[in-house]
Amino acid sequence: MAVVVILIVIAVGSVLFHLLSPWWWTPIASNWDYIDNTIIITFWITGVVFVAVVLFIAFCVYRFRHSPGKRAAYEPENRILEFWLATVTAVGVAAMLAPGLFVWNQFITVPNDATEVEVVGQQWLWSFRLPGKDGRLGTSETSDVSSDNPLGINKRDPASLDDIIIQGGELHLPVGKPVKMLLRSLDVVHDFYVPEFRAKMDMIPGSVSYYWFIPTRTGTFEVLCAELCGVGHPQMRGTVVVDTEADYQTWLQQQQTFSQMMASAGDVQTAK
Ligand SMILES: [Cu+2]
């Protein structure tokens with residue numbers, strides 16, 4: 001009987017923990033509430049199955065407990081039971097997977113008016129690049145990475161020169177405007193993750209991954225690395241500030257361009 005009580009406590013306790021737990025999502029700050037809905041559907045399906053299975057085990061432990069003279073019946077096949085088990089499982093798994101496919105399709109279908117923002121991860125620092133007045137990001141090459149060009153931006157590409165470089169500082173974004181996040185890594189696999197945006201993706205050295213989102217409220221949000229990337233991984237934090245358009249433009253005017261960065265690096269070398 002103790003086992004039956006423990007199983008019931010596990011089932012009821014798990015449900016109460018989820019309903020009463022203070023550890024829940026941070027308030028959303030992007031357009032991706034579809035992702036929250038997908039997770040809630042998964043919670044409901046897995047929660048109902050978990051409670052049903054645990055309570056069924058508790059019922060069986062009680063109902064078929066040992067008593068003198070009682071023998072189990074051998075029943076190797078039950079086609080009706082197997083049919084229903086397979087059907088219900090298939091429907092449940094499809095219901096969990098299908099919403100994810102729709103979300104994924106939206107997640108990588110970038111609106112035409114999205115502004116490109118590049119995020120560069122390296123052990124253990126976040127850097128950012130925004131297009132300059134030409135509205136385009138210049139190309140980058142791993143072979144161009146050097147101490148005075150740490151992001152490996154292509155100096156021979158005219159579109160690079162007015163790019164805004166933010167090395168290790170805060171990224172600002174205007175509220176209500178779609179942004180395409182281009183994700184690059186200089187060393188190992190990192191993962192750019194702002195929990196309030198409900199969006200994250202691995203950054204693979206040698207390739208550029210991407211997703212898009214719309215920041216839906218102003219505020220300051222913490223960037224985390226969601227991929228174990230070495231001993232400094234827990235300290236790999238950054239900041240994204242979502243501004244009103246006016247505040248964003250004020251901030252943007254104060255940032256240095258790639259050509260200014262190269263010029264100041266040249267000054268330092270000349271001084272040496
Ligand atoms: Cu990392």
Side-chain angles (χ1 to χ4, degrees), residues 23-32 35-36 38-39 100 103-104 106-108 110 114-131 137-154 160 163-173 178-217 219-243 251 255-256 258 261 265:
W23 299 289
W24 197 239
W25 298 322
T26 47
I28 191 166
S30 83
N31 57 313
W32 290 125
I35 288 182
D36 287 3
T38 300
I39 295 172
V103 177
W104 177 251
Q106 293 183 5
F107 201 57
I108 56 165
V110 183
T115 306
E116 290 190 332
V117 175
E118 183 181 67
V119 185
V120 182
Q122 67 190 97
Q123 290 175 322
W124 290 277
L125 181 76
W126 297 108
S127 299
F128 307 98
R129 184 161 62 118
L130 297 160
L137 285 173
T139 53
S140 59
E141 298 283 349
T142 311
S143 54
D144 284 333
V145 173
S146 66
S147 57
D148 60 347
N149 184 9
L151 304 187
I153 293 157
N154 186 351
S160 301
D163 288 355
I164 309 284
I165 309 292
I166 303 139
Q167 224 206 324
E170 290 179 349
L171 171 68
H172 285 231
L173 295 172
V179 279
K180 179 182 183 181
M181 307 301 279
L182 298 164
L183 308 172
R184 223 160 37 91
S185 170
L186 296 182
D187 38 41
V188 299
V189 178
H190 299 280
D191 191 310
F192 183 74
Y193 180 38
V194 178
E196 287 85 352
F197 296 160
R198 304 293 196 272
K200 67 187 174 86
M201 191 176 284
D202 277 4
M203 317 164 86
I204 316 292
S207 70
V208 180
S209 48
Y210 69 91
Y211 64 82
W212 74 279
F213 73 103
I214 302 173
T216 50
R217 63 182 167 92
T220 301
F221 306 102
E222 189 171 27
V223 181
L224 309 173
C225 182
E227 196 68 60
L228 187 58
C229 58
V231 293
H233 165 70
Q235 282 76 46
M236 193 168 168
R237 309 290 176 98
T239 305
V240 176
V241 180
V242 177
D243 281 331
W251 170 84
Q255 304 310 309
Q256 67 169 352
F258 179 57
M261 192 183 97

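Computation of the quantities below employed the complete heavy-atom set of this structure, encompassing side-chain atoms and omitting hydrogens, waters and symmetry-equivalent molecules. Atoms within each ligand, like the ligands themselves, are counted from 1 in listed order.
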Determine, using ring centers only, whether Phe213 and Trp32 are less than 6.0 Å apart.
no
Distances under 2.8 Å only: what protein N/O/S atoms are near the Cu ion (ligand 1), ordered by chain and residue?
His190 ND1, Cys225 SG, Cys229 SG, Met236 SD
Run Leu171 and Trp126 through side chain to side chain contact (heavy atoms under 4.5 Å, CB included) and show every step you take.
CA-CA 9 Å; Leu171 171 68; Trp126 297 108; over 6 Å; no
What is the minimum heavy-atom distance between Thr26 and Arg198, and which atoms define it?
O-NH2, 2.6 Å
Side chains of Val120 and Leu186: does their closest heavy-atom pair fall under 4.5 Å?
yes
Ser146 and its side chain to side chain donor-acceptor pair (under 3.5 Å) partner, picked from Asp148, Asp144, Asn149:
Asp148
Side chain to side chain, Leu173 and Phe128, heavy atoms closer than 4.5 Å:
no
